[in-house]
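Report on the structure given below.
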Amino acid sequence: MSSTGSILVKDQKRGRKVHPFERSESKVVEFVENLPNDEDELENQRLGRNELKRRANELLRVRKTFPVHQNKEEIMKYIRENQVAILIGETGSGKSTQIPQFVLDDLYASGTRGAIAVTQPRRVAAINLATRVAQEYGCNVGEQVGYSVRFDNATSSKTRLKYLTDGMLLRELMMHRDLKEYSVVVIDEAHERTVLTDLILGFLKSLIDGPRPDLKIIVMSATLQAEKFSSFFHNAPILFVEGRKFSVDQYYLGHACEDVVDSMVRCCCQINQGEQMGDILCFLPGQEEIDKAVAIMNKIAPCIADTTAVPLMVALPLYAALPPAQQALVFSPVKGFKRKIVFSTNIAETSVTISGVKFVIDSGLRKVKVWRHQLGLATLLTVPISRASAMQRTGRAGRESEGKCFRLYREADYNQLPQQTEPEIARSDVTSPVLMLKRYDIDDIVNWTWFENPGKEALVLALQQLYELQALDDAGKITSRGKQMALLPLPPQMSSVLIHAHEIKCLSPAIDIVACLSVDNFLLNPPPELRDEVNERRLALCSAGKKHGDLIMMKELFDFASQINTPRERLEWCKQLCVSHRAYKNIAKIKQQLTNYCKHLFKQEQDELTLDTNTNITRVIKCFLSGFAKNTAIRMPDRSYRTVLTGEPISIHPSSLLFLNTHCPAIMYTEYVFTAKGYARNVTRLELTWLQEIAGLGAVAKQTITSNE
DNA sequence: GAGCACTGC
């Protein structure tokens with residue numbers, strides 16, 4: 001047992017109050033809530049007209065209880081009379097399901113042509129909303145009401161109300177630049193400020209000020225930022241819609257928190273001892289803290305339950321990298337005299353909803369990836385959350401009844417937090433967005449209608465990167481190569497790899513590897529006790545990967561998995577090699593999609609090159625080098641690596657197959673992240689001569705290479 | 001010899 005654990009048990013036995021919380025002076029929070037989700041109703045079967053109508057009538061009673069329904073006429077008056085309307089409503093208001101239906105009725109009533117698009121940041125949300133609204137509307141999904149997300153399109157010529165991811169709407173913007181198909185576009189969850197929603201807002205503004213003066217826009221957001229949306233759209237009117245509210249009391253820590261995991265475990269014990277039944281949701285910044293908290297909890301909980309008459313605490317982790325089966329555990333209720341405690345990352349803040357939660361404990365921290373444009377490097381930082389985020393986390397305690405939120409920081413700390421989370425676009429690589437704008441023939445990128453301008457430095461470096469990838473010409477206009485890159489559903493570097501692969505006739509293996517790199521966590525981290533064993537197995541299986549590195553190994557593993565006939569055997573094989581089966585299936589889908597795009601793009605049948613010989617492997621690696629020339633490093637005499645571009649020290653990430661291999665003269669990597677130090681991920685071995693062949697590399701880099709030979 | 005939050009085409 002860890003020392004933290006034993007101290008805690010002692011404290012519990014003495015019955016000492018371990019956590020000096022103070023009752024907050026501040027106002028009770030009004031929290032937000034998602035729509036109830038009838039799992040049974042999510043079935044995908046086609047129903048007859050009468051049955052559909054009957055069900056829709058049943059649902060109408062429920063719909064009429066929504067606050068938006070009671071204010072329907074007033075809301076619709078605003079929407080009819082204004083080209084742009086900003087709708088602020090908490091998530092229990094039913095705005096995402098009801099408003100689009102009101103608008104649809106209006107379209108039919110007024111005989112207006114065109115459809116309604118409702119964007120969502122996430123795929124599941126788009127699918128669930130469309131399914132729900134189709135039922136309310138009394139049709140099957142894909143008829144009048146449908147959805148469109150990557151790999152799944154449920155729309156038809158009948159569809160007038162379409163829920164789609166914002167990535168999908170951007171794609172439609174690239175293809176049909178005026179969005180002629182739509183008379184109304186609704187941007188939902190705009191407050192989340194994803195890069196893609198921000199881009200859509202910019203495009204919509206240029207549309208209504210230009211070729212689409214008739215287009216109606218509704219921006220829907222949960223609380224705050226209303227003025228920013230309003231002033232962006234020429235002071236559009238703002239409407240507030242009430243949500244369903246349960247109160248959540250907030251408590252703060254009386255002193256600064258020293259060890260967040262320790263404090264959180266103590267707080268759980270205190271709730272377990274002193275509060276009524278109800279599950280606890282704990283927000284921690286990352287996997288490391290979560291695994292630690294779960295381990296401590298599961299050690300001490302049985303002792304505490306044995307010695308005192310309190311519920312047995314059952315601790316469960318939740319983060320995106322967790323296998324689906326383990327993720328599913330947090331959704332099933334615990335039976336008996338037990339209390340479920342979920343330790344989660346930000347995933348439970350917006351993406352995932354757990355029922356039964358009555359208490360929230362908030363560490364006030366999150367992990368954030370910040371892009372350093374100059375270095376072409378991502379840093380991963382643990383930072384304090386914003387006040388908006390704290391409110392959102394708090395709201396998770398009161399979805400079903402009144403709840404309590406314990407914040408592991410002082411009220412004074414809370415008051416110092418920034419109002420809003422910094423929008424993603426301000427800390428991201430904007431190469432891909434800039435390529436989109438260029439594809440849209442925007443000449444002046446810096447003065448475009450940005451909802452949030454990412455800044456001149458970011459834009460200039462993105463333009464430079466695109467120029468180096470030959471997506472732009474000397475005049476800064478998009479080239480035909482750039483147009484091809486913009487069409488592929490990939491980051492520009494990866495698109496560049498595929499175009500080059502086509503040129504030197506090794507498209508098929510390149511697609512496989514790009515597909516592997518497009519999913520997260522194809523290779524899982526083996527648990528420490530199995531690590532050596534799994535590594536051995538992988539190395540034994542992947543002879544080419546052993547020599548050339550991670551990219552080639554992924555290709556080998558993907559090929560092996562594809563050759564297995566039954567899903568059951570494949571699942572077992574994945575387990576043996578600690579490979580994600582879910583990721584494998586996604587790779588197969590992406591491979592299919594990329595293959596289709598390439599056939600269309602290059603107007604040819606798939607080539608037949610395989611990865612049999614060494615020359616082909618070299619060729620494939622050189623394709624990647626064409627997209628990732630900047631992501632290379634050279635081995636120094638002391639065996640460390642330094643980046644070719646800036647001479648920064650860089651280490652091969654321990655998750656790489658080449659981690660132990662000290663014999664690479666040079667390396668290429670698809671990702672450069674800074675945590676404790678600079679790490680190269682997805683590493684491939686290079687020969688120095690290959691680096692010298694790269695035209696785009698600067699003279700300094702070449703000098704380094706030569707002097708090192 | 002270390003350990004990456006989340007999402008999208």
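Chain A is the first sequence line, chain B the second, and so forth, proteins listed ahead of strands; every chain is numbered from 1.
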For this session: Indicate, with a heavy-atom threshold strictly under 4.0 Å, whether A:Glu671 touches base, sugar-phosphate, or nothing.
Result: base
For this session: Select base, sugar-phosphate, or nothing to describe what A:Gln593 touches, counting heavy atoms under 4.0 Å on all strands.
Result: nothing
Exercise. Does a salt bridge link A:Lys228 with A:Glu452, judged by any charged N lying under 4.0 Å from a carboxylate O?
Worked result: yes
Exercise. So what does A:Ala378 touch, heavy atoms closer than 4.0 Å: a base, only the sugar-phosphate, or nothing?
Worked result: nothing
For this session: Check whether any side-chain nitrogen or oxygen of A:Thr382 sits under 4.0 Å from OP1 or OP2 of B:dA5, and answer yes or no.
Result: no
Exercise. What is the nucleic acid contact for A:Thr165, judged by heavy atoms within less than 4.0 Å: base, sugar-phosphate only, or nothing?
Worked result: sugar-phosphate
For this session: Answer yes if the side chains of A:Glu349 and A:Ser389 hold a donor-acceptor pair under 3.5 Å, and no otherwise.
Result: yes
For this session: Have a look at A:Arg366 and say if it touches a base, only the backbone sugar-phosphate, or nothing, with a 4.0 Å heavy-atom cut-off.
Result: nothing
For this session: For the residue pair A:Phe624 and A:Phe628, categorise the inter-ring angle as parallel (less than 30°), tilted (30 to 60°) or perpendicular (more than 60°).
Result: parallel
Exercise. How is A:Thr675 classified with respect to the nucleic acid when contacts are heavy atoms under 4.0 Å: base, sugar-phosphate, or nothing?
Worked result: sugar-phosphate
For this session: Would you indicate which nucleotide in B:dC9, B:dG1, B:dC6 comes nearest to any side-chain atom of A:Arg171?
Result: B:dC9
For this session: Could you tell me whether A:Glu172 and A:Lys162 have a side-chain N and a carboxylate O separated by less than 4.0 Å?
Result: yes
Problem set entry | Below 4.0 Å: OP1/OP2 of B:dG3 and any side-chain N or O of A:Tyr679 | yes
Problem set entry | Whole-Å gap separating C1' (B:dT7) and CG (A:Asn346) | 12 Å
For this session: Select base, sugar-phosphate, or nothing to describe what A:Tyr319 touches, counting heavy atoms under 4.0 Å on all strands.
Result: sugar-phosphate
For this session: Indicate, yes or no, whether a donor-acceptor pair under 3.5 Å links the base of B:dC4 to the side chain of A:Arg681.
Result: yes
For this session: Taking only Lys NZ, Arg NE, NH1 and NH2, and the carboxylate oxygens of Asp or Glu, determine whether A:Arg537 and A:Glu533 approach each other closer than 4.0 Å.
Result: yes
Exercise. Which is true for A:Val149 with a 4.0 Å heavy-atom rule: it touches a base, it touches only sugar-phosphate, or it touches nothing?
Worked result: sugar-phosphate
Exercise. Closest to the A:Arg122 side chain: B:dA5, B:dA2, B:dG8?
Worked result: B:dG8
For this session: Determine: side-chain N/O of A:Arg123 to OP1/OP2 of B:dC9, distance under 4.0 Å, yes or no.
Result: yes
Exercise. How close or far is atom P of B:dA2 from atom CG of A:Leu380, stated in whole angstroms?
Worked result: 17 Å
For this session: Would you indicate which nucleotide in B:dC4, B:dT7, B:dC9 comes nearest to any side-chain atom of A:Arg150?
Result: B:dC9
For this session: Just call it for A:Val368: base, sugar-phosphate, or nothing, with non-hydrogen atoms closer than 4.0 Å on any strand.
Result: nothing
Exercise. How is A:Leu170 classified with respect to the nucleic acid when contacts are heavy atoms under 4.0 Å: base, sugar-phosphate, or nothing?
Worked result: nothing
For this session: Let me know, please, whether A:Ser432 or A:Lys367 comes out on the 5' side of the other along DNA chain B by nearest nucleotide.
Result: A:Lys367
Exercise. Does the cation-pi check pass for A:Arg407 over A:Tyr414, that is, NZ or CZ under 6.0 Å from the six-membered ring centre and within 45° of its axis?
Worked result: yes
Seminar exercise, completed: Separation of B:dG3 atom C1' from A:Ile290 atom CD1, nearest Å, is 14 Å
Exercise. Between A:Gln287 (CD) and B:dG3 (C1'), how many Å, whole number?
Worked result: 8 Å
Exercise. If you look at every strand shown and take non-hydrogen atoms under 4.0 Å, does A:Asp166 touch a base, only sugar-phosphate, or nothing?
Worked result: nothing
Problem set entry | Whole angstrom value for the distance that separates P of B:dC9 from CG of A:Leu498 | 18 Å
For this session: Grab the NE2-C1' distance between A:His653 and B:dA2 for me, whole Å please.
Result: 6 Å
Problem set entry | Between B:dC6 (P) and A:Asn521 (CG): distance, integer Å | 9 Å
For this session: Return the nearest nucleotide to the side chain of A:Lys369; candidates are B:dT7, B:dA2, B:dC4.
Result: B:dC4
For this session: Could you point out which residue of A:Val185, A:Thr449, A:Leu199, A:Val219 forms a side chain to side chain contact (heavy atoms under 4.5 Å, CB included) with A:Leu204?
Result: A:Val185
Problem set entry | Selection from B:dA2, B:dC6, B:dG3 that lies nearest to any side-chain heavy atom of A:Pro654 | B:dA2
For this session: Calculate the interatomic distance between A:Arg427 atom CZ and B:dC6 atom P; express it in whole Å.
Result: 13 Å
